[in-house]
Amino acid sequence: MIEYIRGELTEVTPAMAVVEAAGVGYALNISLNTFSAIQEKKDVKLYVAEQLVAGGRDDSFTLFGFATREERELYLMLKTVSGVGGNTARMILSSLSPSELCEAISTGNERMLKNVKGIGLKTAQRIIVDLHDKIESVGLSVQTPSDGGTPVPQINKEVRDEAVRALTMLGFSPAPTAKVVTAILHDSPDMPVEQVVKNALKQIK
């Protein structure tokens with residue numbers, strides 16, 4: 001599995017980026033969000049999702065690239081929804097920013113999702129139902145105060161991801177682990193990863 005590709009951005013269009021790394025040029029399908037993030041850069045780091053289509057006359061292996069882990073995580077989640085393939089997921093992430101998509105799912109905003117080309121009412125509803133709990137379990141949901149007070153502080157995603165990886169390697173399931181780690185970091189955003197892991201070990205059942 002390819003985690004990311006770092007190298008020189010030799011070609012870029014709103015739909016594709018070519019990154020040269022160690023003498024090899026990798027063509028990656030990208031969203032408009034990623035295009036906006038990298039178009040002025042010379043050297044880039046793109047997080048990768050691989051798609052293999054086999055079993056027919058036109059077998060294919062495609063790479064999708066994302067400027068952030070968050071966008072890749074949302075892409076992979078979208079693909080778990082019935083009726084949403086790789087290109088549809090990329091279309092959604094080209095039409096909505098990660099924060100807008102999380103807000104639409106968290107608040108059940110079917111209209112926002114239906115505004116994406118190719119997304120009908122039933123697909124929008126499936127996305128909301130299937131992903132609502134998932135995005136909250138990994139700390140991707142957008143939280144806004146209802147009383148006009150101070151916004152909820154954003155969690156440190158690097159600390160969260162590192163803590164979840166450490167706990168997963170210790171044998172704990174990723175989904176409940178991510179939920180516990182996210183809750184800890186919401187309460188203590190500046191807590192170092194080793195302390196997060198220790199606290200999580202006391203709470204995971």
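Note that the structure is a prediction, hence the values are computed from the model and not measured. Values below: all heavy atoms of this structure, side chains included; hydrogens, waters and symmetry mates excluded. The first residue in the sequence is number 1, and the count goes up from there.
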Between [X] (side chain) and [Y] (backbone), is there a donor-acceptor pair under 3.5 Å?
| X | Y | answer |
| --- | --- | --- |
| Thr34 | Ser31 | no |
| Arg72 | Gly65 | no |
| Thr177 | Val164 | no |
| Thr182 | Ala178 | yes |
| Arg69 | Tyr47 | no |
| Gln39 | Val12 | no |

For this session: Measure the shortest side-chain to side-chain distance between Glu50 and Leu63 over non-hydrogen atoms and say whether it is less than 4.5 angstrom.
Result: yes
Exercise. Is the shortest heavy-atom distance from the side chain of Thr80 to the side chain of Leu131 under 4.5 Å?
Worked result: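 With C-beta onward as the side chain, the pair touches.
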Considering all heavy atoms, the nearest [X]-[Y] contact:
| X | Y | value |
| --- | --- | --- |
| Leu32 | Pro14 | CD2-CB, 3.6 Å |
| Ala37 | Lys41 | O-CE, 3.4 Å |
| Glu8 | Asp43 | CA-OD1, 3.6 Å |
| Val197 | Ala166 | CG2-CB, 4.2 Å |
| Lys134 | Met77 | O-CE, 3.8 Å |
| Ala17 | Leu46 | CB-CD1, 4.3 Å |

Exercise. Side chain to side chain contact (heavy atoms under 4.5 Å, CB included) between Ser82 and Arg126: does it pass, once the steps are laid out?
Worked result: CA-CA 8 Å; Ser82 176; Arg126 278 198 298 269; 4.1 Å; yes
Look at the side-chain heavy atoms of Ile, Leu, Val, Met, Phe, Trp and Tyr, link any pair under 4.5 Å apart, and say whether [X] and [Y] land in one connected group.
| X | Y | answer |
| --- | --- | --- |
| Leu74 | Leu76 | yes |
| Leu201 | Met191 | yes |
| Met169 | Val196 | no |
| Ile5 | Val18 | no |
| Leu9 | Met16 | no |

Check whether more than 12 heavy atoms from other residues, nucleotides or ligands sit under 6.0 Å from atom [atom1] of [X], and answer yes or no.
| X | atom1 | result |
| --- | --- | --- |
| Tyr4 | OH | no |
| Glu158 | CD | no |
| Glu162 | CD | no |

Exercise. Excluding sequence neighbours, so at least two apart, what forms side chain to side chain contact (heavy atoms under 4.5 Å, CB included) with Ser97?
Worked result: Asn33, Ser99, Glu100
Exercise. Of Lys202, Gln203, Gln195, which is the lone residue that meets side chain to side chain donor-acceptor pair (under 3.5 Å) with Asn199?
Worked result: Gln195
Roughly how far, to the nearest 0.5 Å, is the [atom2] atom of [Y] from the [atom1] atom of [X]?
| X | Y | atom1 | atom2 | answer |
| --- | --- | --- | --- | --- |
| Ile105 | Asp133 | CD1 | CG | 11.5 Å |
| Ile92 | Ile119 | CD1 | CD1 | 4.0 Å |
| Thr123 | Leu78 | OG1 | CG | 11.5 Å |
| Asn115 | Leu96 | CG | CG | 8.0 Å |
| Leu93 | Glu71 | CG | CD | 5.0 Å |
| Ile128 | Leu113 | CD1 | CG | 5.0 Å |

Exercise. Going through the distances and angles, do Glu103 and Asn109 end up as a side chain to side chain contact (heavy atoms under 4.5 Å, CB included)?
Worked result: CA-CA 8 Å; Glu103 181 179 3; Asn109 192 335; over 6 Å; no
Problem set entry | Short N-O contact, Glu3 and Arg165, less than 4.0 angstrom | no
Exercise. Using 30° and 60° as the class limits, which term best fits the ring planes of Phe66 and Tyr75: parallel, tilted or perpendicular?
Worked result: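 Geometry flag for Tyr75 against Phe66: tilted rings.
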Problem set entry | Steps toward side chain to side chain contact (heavy atoms under 4.5 Å, CB included) verdict (Gln125, Leu121) | CA-CA 6 Å; Gln125 291 173 337; Leu121 176 60; 3.6 Å; yes
Side-chain polar contacts of residues 83-90 - donor-acceptor pairs under 3.5 angstrom, sequence neighbours left out - could you list them?
| unit_1 | atom_1 | unit_2 | atom_2 | d |
| --- | --- | --- | --- | --- |
| Arg90 | NH1 | Ala15 | O | 2.8 |
| Arg90 | NH1 | Ile30 | O | 3.4 |

